[in-house]
Number of protein chains: 2
Amino acid sequence: MRIYDIILKKRDQLELTKEEIKFFIDGYTNGDIHDYQAAALLMAIFINGMNERETIDLTEAMMKSGDVIDLTAIKGIKVDKHSTGGVGDTTTLILTPMIASLGVKVAKMSGRGLGHTGGTIDKLESIKGFHTSLSVEEFIKNVNEINIAVIGQTKNIAPADKKLYSLRDVTATVDNISLIASSIMSKKLAAGSDAIVLDVKVGSGAFVKTYEDAVELGSLMVKIGEGMGRRTMAVISEMEQPLGNAIGNAIEVIEAVDVLKNSGPEDLRDLCLTLGSNLLMMANKSDTYEDAYSLLEKQLENGEALKSFKTFIEGQGGNTEFIDNYDLLPKASIIEEVFSPIEGYIESIESDDVGIASLILGAGRENLDDEIDHSAGIYILKKIGDYVTVDEPMAIFYTNKANVLDDAKNRFHSAFKFSKTPVEFPKLIKAIISKDGVTKF
Amino acid sequence: MRIYDIILKKRDQLELTKEEIKFFIDGYTNGDIHDYQAAALLMAIFINGMNERETIDLTEAMMKSGDVIDLTAIKGIKVDKHSTGGVGDTTTLILTPMIASLGVKVAKMSGRGLGHTGGTIDKLESIKGFHTSLSVEEFIKNVNEINIAVIGQTKNIAPADKKLYSLRDVTATVDNISLIASSIMSKKLAAGSDAIVLDVKVGSGAFVKTYEDAVELGSLMVKIGEGMGRRTMAVISEMEQPLGNAIGNAIEVIEAVDVLKNSGPEDLRDLCLTLGSNLLMMANKSDTYEDAYSLLEKQLENGEALKSFKTFIEGQGGNTEFIDNYDLLPKASIIEEVFSPIEGYIESIESDDVGIASLILGAGRENLDDEIDHSAGIYILKKIGDYVTVDEPMAIFYTNKANVLDDAKNRFHSAFKFSKTPVEFPKLIKAIISKDGVTKF
């Protein structure tokens, strides 16, 4: 088999076989196939497309390019969740204890943040003593005993995807549905869970801009997951503004605990309940979406979800006193109110710009080895549909660096568009996709 | 300007500007743009195409990526000829003295052969004393005084094309009309002539397989040449079998001299007269194709073309005694008749295989620094339409290596297909293309 012939086939709009796709992925991972040949093939795939079968085979080949985690030592259905990337997205911290409190197993592999998107592990490390350096035995023991554990991503999960992603990034071959879907799913499938819920963000702040594209991507990922023998569902959720109000690490932990205390922002709570309901159904804990949803609401009301969160944090060395006293979390030395430059109804909030403003304040890292300031971040007081005047604060900035405030403010302000006439708060949940089809909300 | 945005534009079927194309070519030539980015862009160009304007701009950028030869010191219209690649194609050796004998200036830059295609300089070096290492002054002086001179290609002619061609070769992006046309024309235009005739080969033995594709390629190259202010014409010629009878170096020189003596194979003679007629018209030496054709026939009949050849060879140090005594050319120690394995009418002759058989006998080089055996080669006795029996030789092999004979014979025999019913000798000239359109023959 020669990579030249594989490039030629895809160039000429022919379907690649499973063996050809595997040959490409294995050869590129081990360095036998050059960057320039992979780049030519990626562009041919980008323009001529891949069908479902090819995309599933591509996902499988990428998944098998590195470690595939074996979770069979954990009894019961193991569930996982993935988001296509949001700003201020604290769902994992709420969702996982909520469903774990109902006996569903969550053996989660999480990452750190890079650029303006936060990482679950960074957020959790705001909590004194919390660590993710569990041995495999401890990880499995925790999930078996308390239903929930989180570890860091091993270096060798889908190395083909890592290499291909870097190449796509510099060759204008990122935004292709087959390449996006296989990239996401190869990592999720390698992480070993039995059921996966996908949160596909759509809107100006997401990388998928239209509802139709989001449904296409969600449907394809569901087909890939189901095609590889895992139960898979996708939720299409609005991303015209940051989720909830907090963007940062410690302040997102506070927001998550607020929701677990049956309070907190309505949009964040609703998304967690929606994602959780799908997981409950796939874990055979509920027959209908409505049953699942009210079951989860009850876990928030009766304090069981919060209890599960507490057990989870303690299970990984964290001090949980902060739950009753948020002052025990890292605190910023500078807390500054930010005012609106204009009066009017907020029409849109560019999430990326808010994320970058938060990064500038110290909440994120630009390079993988940068230190994160867990206390830094932005608390948004006004969201889409709210009327703001120049006299009232629209956000609170948290930082330890006075010299970045102006820069962060400029970036933050540039995220907002105003309207003179009233604007409606956007509907968060747009659709749920299962193997049986799309349910529009 | 960023190469990423240029890739993105072509990926999305948008037209590239002249500046963007120049940015790509300059950046790739000097190494600022990586192979993988060039590969992605080439694949996008391959699939989505380039329009005429883009192709002309690409040609110009590649032409200007290195030296552009200045021939203004030569008085009159300078002409050049290019063939898209044939086996046993001795036309340059005949065509150039033929038109030089009528006062047309031929300042030719030629190459050496690689693989199974021969190079004009290799053929000429069969002649004792002949060399192409002229200084620029000598070269110009010769053309001014005797109308004809040939030098080797400088290293720095269209370096962008050299680099891009190597990349296309390993990324399945060779067979695109814009990329082929710009590759050929960038080198021809950099060589500095005022008028160019292109011999576009078509058929099983050429890289252009169909008449329609050949007309498309020829027309595009004519448009590029004319678009860059040079007079340009193209001849579409049949390549279902090797041209003439000789494939090698010394034996092709003999064949060329035969034609110049108003003898030699009919097909080779006809192609030379056709290409030459176009050059005469572009050099304003004839008003009509018919006039030009009979003017050239006269030069063969009256010995003026042969005289011009003699002057040319002497002008570059060659001993011309061989013209009257072919034994003075390099002679092979082994001369062997090759018989047909089957009886029948020859239906087709795969030129590439005949070229490779000749290469095996020593007539070509596989690597650029291999030595060539000028005496080696194949003289074909039977061509398409001829009836052969197993008792009569179909070819004569010339070599100095006895151990390669079997290998060469196998390859040679594999080139032939036979028919039980009579087969017509294919028509050589299919069409002539000028800026005014296509004249079908």
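Chain naming here is simple, since letters A, B, ... match the order of the sequence lines and numbering starts at 1 in each. Computation of the quantities below employed the complete heavy-atom set of this structure, encompassing side-chain atoms and omitting hydrogens, waters and symmetry-equivalent molecules. Please read all numbers here as calculations on a predicted model, not as lab measurements.
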If you draw a 6.0 Å radius around NZ in A:Lys417, do more than 12 non-hydrogen atoms from other residues or ligands fall strictly inside?
no

Heavy atoms from other residues, nucleotides or ligands near NZ of B:Lys22 exceed 12 (cutoff 6.0 Å)
no

Counting only heavy atoms closer than 4.5 Å, note whether A:Asp169 contacts chain B via side chain, backbone, both or neither.
backbone

What pair of heavy atoms forms the shortest contact from A:Ile7 to B:Met43, and how long is it?
CG2-CE, 3.3 Å

Is the count of non-hydrogen atoms from other residues, nucleotides or ligands lying under 6.0 Å from B:Glu15 atom CD greater than 12?
yes

Select, from B:Thr171, B:Asp35, B:Asp12, the one with the greatest count of heavy-atom pairs under 4.5 Å involving chain A.
B:Thr171

What part of A:Asp5 lies closer than 4.5 angstrom to a heavy atom of chain B: side chain, backbone, both or neither?
neither

Honestly, the part of A:Tyr4 sitting under 4.5 Å from a heavy atom of chain B is both

Heavy-atom distances under 4.5 Å only: say whether A:Ile47 touches chain B with side chain, backbone, both or neither.
side chain

Is it the case that over 12 heavy atoms from other parts of the model lie below 6.0 angstrom from the NZ atom of A:Lys64?
no

Can you tell me how far apart CG (A:Leu167) and NE2 (B:His34) are? Round to the nearest 0.5 Å.
11.0 Å

Side chain from CB out, backbone as N, CA, C, O: work out which of these in A:Ile3 comes under 4.5 Å of a heavy atom of chain B, or both, or neither.
neither

